[in-house]
Colleague: 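Here it is, the structure in full.
In what follows, chains carry the letters A, B, and so on, assigned in the order in which the sequence lines appear, proteins first and then strands, with residues in each chain numbered from 1.
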Amino acid sequence: MTEYDAHAIEQKWQSVWAEERTFSVPNPTPGQADESHFYMLEMLPYPSGSLHMGHVLNYTLGDVVTHYRRRQGTTVLRPMGFDSFGLPAENAAIKDGGHPLEITERNMKAIRTQMHRMGWAIDWEREVSAHEPTFYRWTQWIFLKFLERGLAYRKEAPVNWCPNDLTVLSNEHVVDGRCWRCGAVVETRSMEQWFFKIRDYADVLLDDLATIDWPERTKKIQTQHIGRSEGAEIVFQIDDLDLDVPVFTTRPDTLFGATFFVIAPESSLVQQLAEGNDEVLTYARISAARPTEERAAREKSGVFTGRYATNPVNGAKLPIWVADYVLMEYGTGAIMAVPAHDDRDREFAETFDLPIVTVIDDDGRLINSAPFDGQRWQDAKRAITDWLGEQGKAEPSVNYRLRDWSFSRQRYWGCPIPVVYCEQDGMVPVPLDQLPVLLPEVDDYRPKGKPPLASNLDFIRTTCPTCGGPAEREADTMDTFVDSSWYFLRYTDPRNDAAPFDRAIADYWMPIDQYIGGIDHAKGHLLYSRFFVKVMNDLGLLGFREPFQRLFHQGWVKLDGKRMSKSQGGVSPNELIDRFGADAIRIYICFQGPADQDMDWTPDGIEATVRFVRRLWRVVHEAAAQPASPAGVDTPLVRKAHETIARVTDDIGRRFVFNTPISAVMELVNELSKAPGDPAARFAAETAVSVLQPYTPHVAEELWQALGHDERVMDEPWPRADQAMLHHETVQLVLQVNGKVRDRVEVPAGLSEAELIEHARASEKVRAHLAGVEGRVVVVPDKLVNIVV
RNA sequence: GCGGAUGUGGCGGAAUUGGUAGACGCGCACGGUUCAGGUCCGUGUGCCCGUAAGGGCGUGGAGGUUCAAGUCCUCUCAUCCGCACCA
């Protein structure tokens, strides 16, 4: 027996797999019989640096599943690529002082090497990167399809502006009022921007959550983000102006309690209502410009316009105020204020000394609301809406918190938006056959507040595809989340140069059977991708409605309480591979705890997993020197082996837990080492190597050979536990008195209740606690007898 | 404020259907092998009382249901995460 040499073994097998293209999976040929297949995917990395331990956990989990499924006889598609366009990669390049293309490709190279060294079973022949023209050509193509269908549009709107990254951000990427990448406080600016009409899909995005197997918390986050709320739109008339202003409310039952009326500072109504009123106009201008964060500070501010609105239920004259606690983007930008039954309205009323009228009593019935007095508020909602509806002053309405997705960025490193602007023809899409619109190489790519491409005249100046006259190209680029909304489709048919993918091939592999990635993408990438798939389904490009059938979030790997975001000294995967080998790291990261919970990174105990691999190495070699285990041999060791198979299979396959299988194999190895010469030693060793193989693919192959096999263990069918071997001849019977364990005895399995009770009463220890009293008896067959006195 | 997750030895964690709490590993202690050290092997290790036999306590806290609760119910505390003036 030679010493265990992780590096020699790992390099050897990694070379073999690369040469033999072991993990490359061909697409089905037309007419081929449908075979069992599985699409395993983990979220692709940003090449903004090299991998950290969080990635190692993510991709190792995917790898274990990949091997496990392969060995179930399933063809597993498991591709990889790079989210190489966009802020993360570009900011990394700026920091490193190089060109984004150069830095990005350098990082990609480093990551590929790390992935190779971890031994992950990846089909590299399907690799795609967002920044390659062969990929973004089709990002542009898909954009144009959206545009054609009216789902992409340009609009002047208040948007989130990051003063540090000098670009617009989507709502999903403003976190606590700050930029998701750099942490700068985001400002509000009114700019003409590109949007995707994700709001049109709010209902289906909500409803179809019921059809997918996702963690409930993720569904909750999306549900909350979409924020569907049902109510009514009620029309208020503005005195003297002959103007009808609708408001949205979820509580039409409180209409009689409305005592004032408020409009948002950004509302176009302000100009009409406050003409010549400088106080109001100044307030509106100043508060509209306040940063979102400051505006969300609780203190209520506002100004009275001097005008009144008429409450349609009772003709009451409600003073109209302008106040910045009313948002332009939600509902109609105007509200009826019911201070008795709304905390914000109450606070405002108290600040400005406005009347408060209670219209629902403690029993939940309407008061001060004739003719609806006495009705339960839940019923009155409907009744008042119907009543006003008959007069044409109300109709049921639904509102969403979800805003359309702002996806244009004033940055260089992204997919060019393929439209041109012509004086004659206005905005003109670039014809499909002229794609891709190539991102030009520029020297000065740094953000300046206006898109860097705008000053690149070679790029900007073009001709109009419609009239042939002079035109200018769009200078904004796309959000990186556009790329990641469809990359998983490109993997299915990555070299197609006639279409983004062939529909039949995408329909064959998709939807993804198992997706693994961080929960930080719950309302960004995971929502956008669902939207893209639904649109593409509506466009007839594919035959399914959801991209990710089953989703799992790995926990964060934390260092000093903070999420790992880049490789830090001492904990970089490369250094750990150098010191301990990939197999030991793979075991370690899985063994640390439940994969969906956060873990604090400590290197304590990583030596232990190396020690375990060495122990396995030694024990298996010792067993390999033994004669082959005869069929039908029945020893405690052979039973332990079958038990291990059953546990590991259930844990990975059904429960989707990855730490306890390692404990199970450790137990088996412990028993094997304590049973030298056991006739089942070879069988136990083979079992240990076989079920550990998804975790430790390199050393498993080496040990499989040592056990005398020519085949690869990764190609061996997953072992099956012999049910007969799981059945025990004797069981340990727990004897309780008053629910407390007093004795344990070994008895034959399958005894009758009477026999079990007899055993219990025969126990000295039980008798000592019974003191001669008979007692009532509870029996759990093969497990427990509890005597209650 | 709303929504969600978590809480078990000195530490990471296990306990899958209400039925032996603490598997597996780290750490620690003692012993052995090798001996420059580490490696490696063995034994022990929830807490308290007791030389021992044995007994008591024990899954953040308080109640409850049950023959039996880490697991179910009610309340509560702590930590973390998501949302947050969304009418």
Colleague: With respect to the phosphate group of B:A15, does any side-chain polar atom (N or O) of A:R655 fall under 4.0 Å of OP1 or OP2?
Modeller: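 Yes, within the criterion.
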
Colleague: Tell me: CG of A:D600 to C1' of B:C80, nearest whole Å?
Modeller: 12 Å

Colleague: Is B:U6 paired to anything, Watson-Crick or G-U wobble with both distances less than 3.5 Å, and if yes, which nucleotide?
Modeller: B:A78

Colleague: How long is the straight-line distance from OG1 of A:T259 back to CZ of A:R346, given to the nearest 0.5 Å?
Modeller: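 Reported value, rounded in 0.5 Å steps: 10.5 Å.
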
Colleague: Pairing check on B:G37: which nucleotide meets the Watson-Crick or G-U wobble criteria with it, both distances under 3.5 Å?
Modeller: none

Colleague: Please report the distance, rounded to the nearest Å, between CZ in A:R401 and C1' in B:C2.
Modeller: 9 Å

Colleague: Taking the C1' atom of each, how far is B:G12 from B:U20, in whole Å?
Modeller: 24 Å

Colleague: Between A:R647 and B:U16, does any side-chain N or O lie under 4.0 Å from OP1 or OP2?
Modeller: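 For A:R647, the contact criterion (side-chain N or O under 4.0 Å from OP1 or OP2 of B:U16) is not met.
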
Colleague: How far, in whole Å, is B:G19 from B:A15 if one measures between their C1' atoms?
Modeller: 12 Å

Colleague: For A:K558 and for A:F248, find the nucleotide of RNA chain B with the closest heavy atom, then tell me which residue's nucleotide is more 5'.
Modeller: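 Taking each residue's closest nucleotide, the earlier one in sequence belongs to A:K558.
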
Colleague: Grab the CZ-C1' distance between A:F656 and B:U16 for me, whole Å please.
Modeller: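 In whole Å, B:U16 C1' and A:F656 CZ are 16 Å from each other.
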
Colleague: Taking pairing as Watson-Crick or G-U wobble with both contacts under 3.5 Å, can you name the mate of B:G1, or confirm there isn't one?
Modeller: B:C83

Colleague: Go through A:I589 and A:W601 one step at a time and tell me if the side-chain contact (heavy atoms from CB on, under 4.5 Å) criterion holds.
Modeller: CA-CA 9 Å; A:I589 200 77; A:W601 174 264; 4.2 Å; yes

Colleague: Taking atom CG of A:N160 and atom CD of A:E172, what is their separation to the nearest 0.5 Å?
Modeller: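 The CG atom of A:N160 sits 9.5 Å away from the CD atom of A:E172.
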
Colleague: Take A:R611 and A:D598, find for each the nucleotide of RNA chain B with the closest heavy atom, and name the residue whose nucleotide sits nearer the 5' end.
Modeller: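 The 5'-side residue here is A:D598.
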
Colleague: What's A:V777 touching, base or sugar-phosphate or nothing? Going by heavy atoms closer than 4.0 Å.
Modeller: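 No contact at all - A:V777 keeps every heavy atom at 4.0 Å or more from the nucleic acid.
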
Colleague: Cationic tip of A:K300 within the cone over A:F348's six-membered ring, i.e. under 6.0 Å and within 45° of the normal?
Modeller: no

Colleague: Watson-Crick or G-U wobble partner for B:A53, using a 3.5 Å limit on both distances?
Modeller: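 Checking every strand shown, B:A53 finds no partner, since no pair has both distances under 3.5 Å.
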
Colleague: Strictly by Watson-Crick or wobble contacts shorter than 3.5 Å, is anything paired with B:A15, and which nucleotide is it?
Modeller: none

Colleague: Look at the side-chain N and O atoms of A:S229 and state whether any lies under 4.0 Å from the OP1 or OP2 oxygen of B:A87.
Modeller: yes

Colleague: For A:V788, which contact category applies under a 4.0 Å heavy-atom criterion: base, sugar-phosphate, or nothing?
Modeller: sugar-phosphate

Colleague: What's the gap between B:G55 and B:C41 when it is taken at their C1' atoms, as a whole Å value?
Modeller: 36 Å

Colleague: Is a donor-acceptor contact shorter than 3.5 angstrom present between the side chain of A:K523 and the base of B:C83?
Modeller: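 A donor-acceptor contact between them is absent.
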
Colleague: State the pairing partner of B:G70; accept Watson-Crick or G-U wobble contacts with both distances under 3.5 Å, and report none otherwise.
Modeller: none

Colleague: For atom C1', what is the distance between B:U39 and B:U33, given to the nearest Å?
Modeller: 11 Å

Colleague: Considering only residues two or more places apart or on different chains, which pairs with a residue in residues 644-668 of chain A satisfy ring pair (Phe, Tyr, Trp, His ring centres under 6.0 Å)?
Modeller: A:F552-A:F656, A:F656-A:F658

Colleague: I'd like the P distance from B:U76 over to B:A53, given in whole Å.
Modeller: 46 Å

Colleague: Is the shortest side-chain N/O distance from A:R615 to OP1 or OP2 of B:C41 below 4.0 Å?
Modeller: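 So the side chain of A:R615 is within the cut-off, an N or O lying under 4.0 Å from OP1 or OP2 of B:C41.
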
Colleague: If we take the C1' atom in both B:A87 and B:U74, what is their distance in whole Å?
Modeller: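 One C1' to the other, the span is 34 Å.
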
Colleague: Is A:H553 touching bases, backbone alone, or none of the nucleic acid, heavy atoms closer than 4.0 Å?
Modeller: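 It contacts nothing in the nucleic acid.
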
Colleague: Base, sugar-phosphate or nothing for A:N399? Non-hydrogen atoms, less than 4.0 Å.
Modeller: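 Result for A:N399 = nothing.
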
Colleague: Please confirm whether the shortest side-chain N or O distance from A:H769 to OP1 or OP2 of B:G55 is below 4.0 Å.
Modeller: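 For A:H769, the contact criterion (side-chain N or O under 4.0 Å from OP1 or OP2 of B:G55) is met.
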
Colleague: Base, sugar-phosphate alone, or nothing: which one does A:R217 contact when heavy atoms must sit under 4.0 Å apart?
Modeller: sugar-phosphate

Colleague: Would you mind classifying the nucleic acid contact of A:Q732 as base, sugar-phosphate or nothing, using non-hydrogen atoms under 4.0 angstrom?
Modeller: base

Colleague: Which base, if any, makes a Watson-Crick or G-U wobble pair with B:G44, both distances under 3.5 Å?
Modeller: B:C28

Colleague: Under 4.0 Å, heavy atoms only, any strand: does A:F591 hit a base, just the sugar-phosphate, or nothing?
Modeller: base

Colleague: Measuring from the side chain of A:K783 (C-beta onward, heavy atoms only), which nucleotide among B:G54, B:U20, B:G19 has the closest atom?
Modeller: B:G19

Colleague: Between B:G22 and B:C75, how many Å separate the two P atoms, rounded to a whole number?
Modeller: 32 Å

Colleague: With rounding to whole Å, what would you report as the distance between B:G10 and B:C28 at their C1' atoms?
Modeller: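 These two C1' atoms come out 9 Å apart once rounded.
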
Colleague: Is there a side-chain contact between A:N670 and the phosphate of B:A23, meaning an N or O under 4.0 Å from OP1 or OP2?
Modeller: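 No, outside the criterion.
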
Colleague: Measure the CZ-CG distance between A:F248 and A:N399 for me, rounded to the nearest 0.5 Å.
Modeller: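 One gets 4.5 Å once the value is rounded to the nearest 0.5 Å.
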
Colleague: Can you tell me how far C1' of B:G12 sits from CD1 of A:I662, to the nearest Å?
Modeller: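 Between C1' of B:G12 and CD1 of A:I662: 13 Å.
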
Colleague: So that I can tick it off, tell me whether A:R655 and A:D650 are bridged by a salt bridge, with the cut-off set at under 4.0 angstrom between side-chain N and carboxylate O.
Modeller: no

Colleague: Tell whether A:Q224 reaches the base of B:G82 with its side chain through a donor-acceptor pair below 3.5 angstrom.
Modeller: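 Yes.
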
Colleague: Heavy atoms under 4.0 Å, any strand shown: does A:D343 hit a base, just sugar-phosphate, or nothing?
Modeller: nothing

Colleague: In whole Å, what is the span from the CD atom of A:Q736 to the P atom of B:A68?
Modeller: 10 Å

Colleague: State plainly whether the residues A:D651 and A:R647 are in salt-bridge range, i.e. N to O under 4.0 Å.
Modeller: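 Looking at A:R647 together with A:D651, the answer is no, because their closest N to O distance does not fall below 4.0 Å.
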
Colleague: From CD1 of A:I226 over to P of B:A84, roughly how many Å is that when rounded to an integer?
Modeller: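 That distance rounds to 14 Å.
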
Colleague: Flag the pair A:E764 and A:R767 as a salt bridge only when some basic side-chain nitrogen lies within less than 4.0 angstrom of an acidic carboxylate oxygen.
Modeller: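 Answer for the salt bridge query: yes.
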
Colleague: Regarding B:U16, can its base be found pairing with the side chain of A:R654 as donor and acceptor, where the two atoms are less than 3.5 Å apart?
Modeller: yes

Colleague: When you check the phosphate oxygens OP1 and OP2 of B:A14, does a side-chain N or O of A:N659 lie under 4.0 Å from one of them?
Modeller: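 For B:A14, OP1/OP2 do have a side-chain N/O of A:N659 under 4.0 Å.
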
Colleague: Using atom CE of A:M666 as one end and atom C1' of B:C26 as the other, report the distance to the nearest whole Å.
Modeller: 10 Å

Colleague: Where does B:G37 fall, syn or anti, if syn means a chi angle no more than 90° from 0?
Modeller: anti

Colleague: In terms of side-chain heavy atoms of A:R742, which of B:G55, B:A15, B:A87 is nearest?
Modeller: B:G55

Colleague: What's the closest nucleotide to the A:D651 side chain, out of B:C41, B:C67, B:U16?
Modeller: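 Nearest to the side chain of A:D651 among the choices is B:U16.
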
Colleague: To the nearest Å, give me how far apart CD1 (A:I519) and P (B:U6) are.
Modeller: 12 Å

